[in-house]
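First the structure, in the form of structure tokens, and then the observations on it.
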Amino acid sequence: MIKKILLSSDPVLRRQSKPVGKIDKKVLDLIKDLKDTLDVQKDPEGVGLAAPQIGKNLRIFVAKYKSFERVVINPEIIKIEPKSLSAKAARGKKEILEGCLSLPYYYGPLKRAGRVTIKYLDEKGKDITETFDGFQAQIIMHEIDHLEGILFIDHLLNEGEPLFKVEGDEWEEVELS
Ligand code: ZN
């Protein structure tokens, strides 16, 4: 079922989400709701959606970008590639504008590590350890943040980076507070 996506001011988005115990019908229904809700996000387009964004503080998210598709339950970060060990590593760390369905039409330049390895369960309860690079790593880290009650604007604030509001072709810098 398509659910309403909570906006960034909602306290549910600021809570730490609880681990999933048994992957039962309730959990599978929630995963279906996440997929259904993400699928219809076309303006702006979404590439990931975490359970707290539809009002459930459980450690589940879905990611979908072109042929890349994952259901991630109880993720644990095993390794994040160091930020700048060498010039080569630094070049690999791209700054891409990041956005969030809970803060539609706002984007900011976020420096995230280029590679992340996580351990998680898929929807069948299978234990998976997987490494993600580039944009996929960015999606994974953005969604894991949601499970911790963190929004991308928190990182922008910490790093003193600007936030932009986009309306049609117009970009306007906005104050973060
Ligand atoms: Zn988000």
Side-chain angles (χ1 to χ4, degrees), residues 1-41 44-65 68-81 83 98-104 106 108 110-159 163 176-177:
M1 203 194 296
I2 297 164
K3 298 283 184 178
K4 192 170 156 275
I5 296 179
L6 302 183
L7 294 177
S8 60
S9 55
D10 199 296
V12 170
L13 290 175
R14 292 312 197 168
R15 285 181 204 140
Q16 226 197 358
S17 291
K18 291 197 176 79
V20 173
K22 201 171 154 237
I23 302 174
D24 55 12
K25 181 162 187 309
K26 259 190 179 169
V27 169
L28 293 174
D29 284 347
L30 175 58
I31 291 168
K32 174 129 193 345
D33 289 346
L34 284 168
K35 286 180 174 176
D36 290 347
T37 307
L38 181 59
D39 274 348
V40 295
Q41 304 307 315
E45 203 180 331
V47 291
L49 190 65
Q53 290 180 280
I54 57 167
K56 293 277 175 203
N57 281 117
L58 276 175
R59 300 183 79 79
I60 306 176
F61 67 81
V62 296
K64 192 177 182 185
Y65 178 67
F68 172 67
E69 213 174 322
R70 293 289 183 281
V71 172
V72 174
I73 301 170
N74 296 347
E76 276 173 59
I77 294 177
I78 305 287
K79 193 172 147 193
I80 294 181
E81 185 126 312
K83 281 211 163 176
E98 190 161 314
C100 180
L101 291 171
S102 291
L103 202 64
Y106 288 87
L110 242 193
K111 297 180 201 79
R112 293 205 188 252
R115 169 176 281 192
V116 65
T117 301
I118 65 167
K119 200 165 111 47
Y120 66 98
L121 300 175
D122 70 5
E123 59 203 305
K124 292 181 182 111
K126 194 177 160 209
D127 248 309
I128 297 172
T129 299
E130 193 174 8
T131 299
F132 301 93
D133 289 296
F135 188 51
Q136 292 180 3
Q138 183 174 16
I139 298 171
I140 297 292
M141 285 185 273
H142 178 108
E143 299 310 325
I144 289 178
D145 275 352
H146 273 304
L147 308 182
E148 303 298 340
I150 297 167
L151 297 174
F152 81 102
I153 44 175
D154 303 347
H155 295 300
L156 292 178
L157 258 181
N158 286 341
E159 292 168 16
L163 180 69
L176 265 173
S177 57

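This chain uses plain numbering: 1 for the first residue, then up along the sequence.
- Distance check, rounded to the nearest 0.5 Å: CD of Glu45 to CG of Leu38 gives 8.5 Å.
- Between Leu13 and Leu6, the shortest heavy-atom contact is CD1-O, 3.8 Å.
- In this structure, NZ on Lys56 lies 11.5 Å from CZ on Arg15, to the nearest 0.5 angstrom.
- Judged purely by atom type and a 3.5 angstrom limit, Asn74 uses its side chain to pair as donor or acceptor with the backbone of Val20.
- Nearest approach of Phe61 to Ala50, heavy atoms of both residues: CB-CA, 3.7 Å.
- Atom CD1 of Ile73 and atom CG of Leu121 lie 6.0 Å apart (nearest 0.5 Å).
- Counting heavy atoms from C-beta outward, Leu110 and Glu159 have side chains that approach closer than 4.5 Å.
- Between Glu81 and Ala113, the shortest heavy-atom contact is O-CB, 3.5 Å.
- In this structure, Asp10 contributes its side chain and Leu7 its backbone to no donor-acceptor pair below 3.5 Å.
- Ring planes of Tyr120 and Phe132: tilted class, angle from 30 to 60°.
- For the pair Glu143 and Arg59, the salt-bridge criterion is not met [side-chain N within less than 4.0 Å of a carboxylate O].
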Step by step, work out the side-chain contact (heavy atoms from CB on, under 4.5 Å) result for Glu98 and His155.
CA-CA 11 Å; Glu98 190 161 314; His155 295 300; 5.9 Å; no

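- Going from atom NZ of Lys35 over to atom NZ of Lys64 covers 8.5 Å, rounded to the nearest 0.5 Å.
- Note on Lys25 versus Asp29: salt bridge recorded, some NZ/NE/NH1/NH2 to OD/OE distance being below 4.0 Å.
- Asn57 places a side-chain N or O within donor-acceptor distance of the main-chain N or O of Val12, the cut-off being under 3.5 Å.
- Of the possible polar contacts, one joining the Gln41 side chain to the Thr37 backbone as a donor-acceptor pair under 3.5 Å is found.
- Residues Ala51 and Leu30 approach most closely at CB-CD2, 4.1 Å, considering heavy atoms.
- The heavy-atom pair separating Asp33 from Lys3 by the smallest distance is OD2-CE, 3.2 Å.
- Atom CZ of Arg115 and atom CD1 of Ile140 lie 14.0 Å apart (nearest 0.5 Å).
- Summarising the geometry of Ile139 relative to Gly48, their closest heavy-atom pair is CG2-CA, 4.5 Å, with the distance given to 0.1 Å.
- With rounding to the nearest 0.5 Å, the separation of CD1 in Ile77 from CD1 in Ile144 is 4.0 Å.
- Side chain of Arg14 to main chain of Gly149: a donor-acceptor pair is present (N/O by atom type, distance under 3.5 Å, no hydrogens or angles).
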